[in-house]
Protein chains: 2
Amino acid sequence: MPRKKPDIDRVFHALGDPTRRAIMERLSQGPISVSRLAEPLAITLAAVVQHLQVLEESGLVQTEKVGRVRTCHIEPAGLSVAAQWIADRRTMWERRLDRLGDLLAEPDEK
Amino acid sequence: MPRKKPDIDRVFHALGDPTRRAIMERLSQGPISVSRLAEPLAITLAAVVQHLQVLEESGLVQTEKVGRVRTCHIEPAGLSVAAQWIADRRTMWERRLDRLGDLLAEPDEK
């Protein structure tokens, strides 16, 4: 499958599932074949493949087939998109709190 | 509604919807009443209330009713849970790349 551009709706949706987060956790340790990835997960190989498809379509994971073995690895751009969105919200929120703090610290002019 | 402990499944699911992200974007500028929040959104007030419920149940937003006005604001703990999960994955991934870089930089002993 060609590399997918991260889609923020799909990234957050994909991360909302505990099995898909478990897959991401395993992949953050390094690339792995689909069959080895499936071993510790208490679901069928077909279900793992479906979850991988969701992760791949969101731009969080890439898979490559070499010979008969399909290997998957994290695509860092997907996580970056989500991290950036969250960071932007927190920055705005914290700036607002800072301004509020400045206002409260101003001497009372009454 | 009492303050909800952030639930990571619900947090990511909640953020996977563009209207809910638009609400979070507005709320990151400061607290606002539900009716003023709904004004620029091209959906019914009832739909806004439903989205707010999802955000509140995930621990991303808190609402408070004072008299007849319900006001909503960001609950930073929810965003922190999501940010931390992503940061942990990226750290592991980057450490792995560093180790790989070290291996490649080692003098060839053949």
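Chain A is the first sequence line, chain B the second, and so forth, proteins listed ahead of strands; every chain is numbered from 1.
- Between B:Ile86 and A:Leu79, the shortest heavy-atom distance links the atoms CG2-O, 3.8 Å.
- Residues A:Val54 and A:Val11 do not share a hydrophobic cluster, clusters being chains of Ile/Leu/Val/Met/Phe/Trp/Tyr side chains in contact below 4.5 Å.
- When heavy atoms are compared at a cutoff of 4.5 Å, A:Ser80 approaches chain B by way of both its backbone and its side chain.
- No other option in A:Gly16, A:Ala14, A:Pro76 has as many heavy-atom pairs under 4.5 Å with chain B as A:Gly16.
- Under the 4.5 Å side-chain heavy-atom criterion for Ile, Leu, Val, Met, Phe, Trp and Tyr, A:Leu45 and A:Leu41 are members of the same hydrophobic cluster.
- No other option in B:Gln29, B:Arg21, B:Glu25 has as many heavy-atom pairs under 4.5 Å with chain A as B:Arg21.
- Residue B:Leu60 is not grouped with residue A:Met92 when hydrophobic side chains (ILVMFWY) are merged at heavy-atom distances under 4.5 angstrom, including chains of intermediate members.
- Neither the backbone nor the side chain of B:Arg10 has a heavy atom closer than 4.5 Å to any heavy atom of chain A.
- Residues B:Ile43 and B:Val34 are members of one and the same hydrophobic cluster, defined by side-chain heavy-atom contacts under 4.5 angstrom among Ile, Leu, Val, Met, Phe, Trp and Tyr.
- Hydrophobic clustering of Ile, Leu, Val, Met, Phe, Trp and Tyr side chains at less than 4.5 Å, counting indirect connections, unites B:Ile32 with B:Val49.
- B:His13 has its side chain out of reach of A:Phe12: every pair of non-hydrogen atoms, C-beta onward, lies at least 4.5 Å apart.
- Using a 4.5 Å cut-off between heavy atoms, A:Leu27 contacts chain B through its backbone alone, with no side-chain atom that close.
- No side-chain donor from either of B:Ser28 and A:Arg90 sits under 3.5 Å from a side-chain acceptor of the other.
- Between A:Asp9 and B:Asp17, the shortest heavy-atom distance links the atoms OD1-C, 4.4 Å.
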